[in-house]
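Shown next, in structure tokens, is the structure this report addresses.
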Amino acid sequence: MTNAEILDQITLYAQLLELHGENPFKIRSYHYAVQHLEKQDIELSKLTALELEKLPNVGKAIAGKIDEARTNGQFHQLTEILAKTPAGIVDMLDIAGLGIKKVQFLWQAGIEDTAMLLQACEENKIAEMKGFGDKTQENIRQSLLFRIKQEGRYHLPEATFCAEQLEKYLHATLPALPLMLVGELRQGYETIASLQFIADLAYRPQVQELLNNAPFLLPEMPQNSLFAWAGKVKELGIAVEVRFVGQARWGSEAFALSASPKHLGATFKQKTLLQMAVSQDFATEEAFYQSLGWGYVPAEMREGTFELELASKNTLPTLLTAKDLKGVLHAHSTYSDGKHSLQQMAEACIAEGFGYLGITDHSKTAMYAGGLSEGRVLQQIAEIDKLNAQYPNFRIFKGIESDILPDGSLDYAEDILKKFDFVIASIHAGFKMTAEKATERLIKAIENPYTTILGHPTGRLLLRREGYPVHMEKVIEACAQNKVAIEINANAWRLDLDWRWVRLALEKGVMLSVNPDSHSKDSLWDMRWGILTGRKGGLTASRTLNTFSTESLTEYFNQKR
DNA sequence: GCCGTTTTCGGCCCGACTGTTTTCAGTCG
């Protein structure tokens, strides 16, 4: 059992205790324990019961629950309290804008699930309840509608994990099986509803047999069509489809299943691309594009927009790949809310073959994340100097993720700001803004001479909350004017800048930076999700800040300052 | 429930923001 799974159980238990009116101090100690354990670089499932008890903020009671959870899957106190709580109430705890107190109140009022809650909102009943009001009701309604819209969608890492699991599983028995990921995951969308593959038709009986017996899959009934296997991944529920295709038509089908409707519907000599592809047998997608006299369009780019013209003129760019990246910008350490020390982060980057790390802990306003006071900034800078002296072929850049304050200013005075090599400016609080206000706030931060990179421009959390509304054209224009790069925050919950804006940023001459926003050394390669996002928008290595060599990046930072 | 001790009970208690209120409760990062 992973740390996250164990800690999720403890957090849920604490929420339920609060819902049932337990002592607040007791509840707080569960939250404290989780908060501290999240930052510990240890594997909970590997510690002995005695070692667990010795951890800070963990005593006999919590150690016992962790121990039971990892052996039995769930500790019995959680099982019991869940049995006393309607499932719909537990579900409500996840809705943005609803905390324990409000859920408690709704429960007492007889509203026991989200369907009832939505209906009550539509009937204007929530606004009339004590402690609620028009705005709260509307916020709840919006959260519920957002959830409904996102239902059945998954973040890239979990979808990718399932896809890789399936590939490994089939190849374990059939190493030579031609199998290819197609569909939305291959196209690199920010969230995923289903996994699609094509497999060689000649292997159909064996593959169907294997899939029907896969311990992690649930076949759809009735099953076993002649051309496809359908089902879902048991635990996650994500849909899976494997289509059987002969080698002769492999390219035709791969193409038909790995492009957006607009790309498929684009016309070529009075026919759509889809018609062109399926009316003939193409063994490879390359052969299909060649038959049009076009360059090969990578699956991520097949959106039916700018790529069509570039393909027809054979001027498609060579897209960014993982091996182009020379370093990591935007990472946190134990100075703020990261899990690993500055030195551990640096050494993890060295181990991955990177040439530099731009460390960017939170700034002082981000109290909840242990943001750095001026004193701590100076301390960190001193440590960076010391470490840099130790590493001959590696460089730590002094950075900060500075909060953009409500008025658009940055978080430190000039004497501190000028000590950094670079500054990522991000909004972390005060999301309730009109698009005008948000745009103005961002532009003021972009115009600050110390801002090097604009961090996660909309603040969205995929499948969880919409970002603040932004007039993105204006923000991109301001970045172009002020030579500020824009981050593609590669955390799979963000992927912000959205790929739909990458092209405009490139056209305006804005540099992009694929940033992992790492809070531990294990998440440096979250950058892979950002690479996908960039590729969808046509991002190339030369326009990506962290493909620069250490020397070029130093020069870039110096010029900016 | 955890911690720390003047060692077995008493103290623990973020802070900005929002939307309710009419001085504050609830939420959230």
Side-chain angles (χ1 to χ4, degrees), chain A residues 7 9-11 13-40 52-68 75 77-78 81 92-108 126-143 332 336-338 361-371 373 401-407 411 426-434 437-438 441 455-456 459-461 464-468 489 491 493-494 517 519:
Chain A
L7 298 181
Q9 282 194 24
I10 296 175
T11 301
Y13 184 61
Q15 288 177 306
L16 292 172
L17 286 178
E18 194 176 345
L19 193 64
H20 286 271
E22 253 292 359
N23 175 350
F25 291 114
K26 184 169 162 179
I27 291 154
R28 186 171 301 146
S29 57
Y30 284 104
H31 288 302
Y32 272 150
V34 170
Q35 258 174 41
H36 284 93
L37 291 175
E38 269 175 349
K39 289 193 197 171
Q40 299 282 320
L52 284 173
E53 224 179 288
K54 291 221 176 82
L55 294 168
N57 301 297
V58 176
K60 255 196 166 53
I62 294 180
K65 290 180 176 74
I66 295 173
D67 192 31
E68 200 184 329
F75 55 91
Q77 295 93 336
L78 176 58
I81 202 165
M92 272 191 220
L93 295 172
D94 257 353
I95 296 166
L98 280 186
I100 307 281
K101 292 288 158 59
K102 285 201 155 72
V103 172
Q104 215 172 29
F105 189 87
L106 292 167
W107 188 10
Q108 277 161 14
I126 299 299
E128 288 164 6
M129 293 172 130
K130 191 170 182 298
F132 291 74
D134 287 339
K135 287 193 177 170
T136 306
Q137 174 174 275
E138 185 53 21
N139 285 341
I140 293 173
R141 202 177 75 90
Q142 290 302 333
S143 298
H332 299 263
S336 65
D337 60 349
D361 274 303
H362 286 285
S363 63
K364 62 179 178 182
T365 303
M367 292 292 283
Y368 59 88
S373 64
E401 183 177 18
S402 175
D403 266 34
I404 298 174
L405 301 177
D407 68 353
D411 211 3
S426 318
I427 291 182
H428 287 109
F431 278 32
K432 295 246 154 126
M433 298 174 279
T434 61
K437 171 73 187 124
R441 184 175 169 190
H456 44 69
R460 75 178 180 187
L461 289 179
R464 178 130 204 114
R465 71 162 186 233
E466 305 229 48
Y468 36 82
N489 189 298
N491 184 301
W493 286 73
R494 295 192 183 271
D517 197 354
H519 285 71

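In what follows, chains carry the letters A, B, and so on, assigned in the order in which the sequence lines appear, proteins first and then strands, with residues in each chain numbered from 1. As the structure is a computational prediction, the values presented were derived from the model and not from experiment.
Across B/dG19, B/dC17, B/dG1, the shortest atom-to-atom separation from the side chain of A/K135 is found for B/dG19. Side-chain proximity of A/I62 to the nucleotides B/dT27, B/dC2, B/dT20 is greatest for B/dC2. Among B/dG1, B/dG29, B/dT27, the nucleotide with an atom closest to any side-chain atom of A/R465 is B/dG29. Out of B/dC28, B/dG26, B/dC3, the shortest distance to the side chain of A/A96 is found at B/dC28.
Separating the NZ atom of A/K26 from the P atom of B/dG10 is a distance of 18 Å, rounded to the nearest angstrom. Atom CG in A/L93 sits about 14 Å away from atom C1' in B/dC28, given to the nearest Å. The NE2-C1' distance, from A/H362 to B/dG29, rounds to 9 Å in whole Å. Rounded to a whole Å, the CG atom of A/D407 is 15 Å from the P atom of B/dA16. Note: NE2 (A/H31) to C1' (B/dC2) measures 14 Å, nearest angstrom. One can place CD of A/E138 at 17 Å from P of B/dT18, the figure rounded to the nearest angstrom. Going from atom OH of A/Y30 over to atom P of B/dC2 covers 7 Å, rounded to whole Å. B/dA25 atom P lies 19 Å from atom CG of A/L106, rounded to whole Å.
B/dC2 and B/dT7 have their C1' atoms separated by 15 Å, with the value rounded to a whole Å. Taking the P atoms as reference points, B/dT21 lies 12 Å from B/dG26, given to the whole Å. Comparing the C1' positions of B/dT5 and B/dC12 gives an interatomic distance of 14 Å, to the nearest angstrom. Straight-line distance between the C1' atoms of B/dG10 and B/dG15: roughly 26 Å, to the nearest whole Å. Taking atom P on both B/dG11 and B/dT6, the two are 15 Å apart, rounded to the nearest angstrom. Between the C1' atoms of B/dT23 and B/dT18, the separation comes to 15 Å (whole Å). Nucleotides B/dG4 and B/dT8 place their C1' atoms 11 Å apart, quoted to the nearest Å. For the C1' atoms, the distance linking B/dC13 with B/dC3 amounts to 15 Å, nearest Å.
Shortest non-hydrogen contact noted between A/E401 and A/S426 is OE2-OG, 2.8 Å. Nearest heavy atom pair, residue A/F132 against residue A/F105, reads CE1-CD2, 3.5 Å. Contact record, A/Q40 with A/P56: NE2-CG, 4.1 Å, taken as the closest heavy-atom pair. Counting all heavy atoms, side chain and backbone alike, A/V58 lies closest to A/A33 at CG2-CB, 4.5 Å.
Residue A/P56 is in sugar-phosphate contact alone, with no base atom involved, counting any heavy-atom pair closer than 4.0 Å across all strands shown. Counting any heavy atom pair closer than 4.0 Å across all strands shown, A/A369 reaches no nucleic acid atom. No engagement by A/A366 is indicated, since no non-hydrogen atom pair under 4.0 Å with the nucleic acid exists. Among the atoms of the strands shown, only primed sugar atoms or phosphate atoms (P, OP1, OP2) are found under 4.0 Å from some heavy atom of A/L55.
For DNA chain B, the stems formed by at least three consecutive Watson-Crick or G-U pairs, with both atom-pair distances below 3.5 Å, span B:1-4 with B:9-12, B:14-19 with B:24-29.
Taking the nucleotide of DNA chain B with the nearest heavy atom to each of A/F132 and A/L98, the more 5' of the two is matched to A/F132. Of the residues near DNA chain B, A/K130 and A/P406, the one whose nearest nucleotide (by heavy atom distance) lies more toward the 5' end is A/P406.
A donor and an acceptor atom, one from each side chain of A/N491 and A/H456, are nowhere located under 3.5 Å apart. Checking A/E138 against A/Q142 by side-chain atom types alone, a donor-acceptor pair falls below 3.5 Å. When only modelled atom types and interatomic distance are considered, A/S363 and A/D411 share a side-chain donor-acceptor pair under 3.5 Å. Counting only N and O atoms by type, the side chains of A/K65 and A/Y30 include a donor and acceptor under 3.5 Å apart.
Distances shown here put every side-chain N or O of A/Y32 at or beyond 4.0 Å from the OP1 or OP2 atom of B/dC2. Here A/R28 does not reach the OP1 or OP2 of B/dC14: none of its side-chain N or O atoms lies under 4.0 Å away. Residue A/S29 has no polar side-chain atom (N or O) positioned under 4.0 Å from OP1 or OP2 of B/dC3.
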Step by step, work out the side-chain contact (heavy atoms from CB on, under 4.5 Å) result for A/L78 and A/I10.
CA-CA 8 Å; A/L78 176 58; A/I10 296 175; over 6 Å; no
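Once the 5.5 Å centre distance and the 30° plane angle are applied, the aromatic ring of A/F25 is found stacked with the base of B/dC12.
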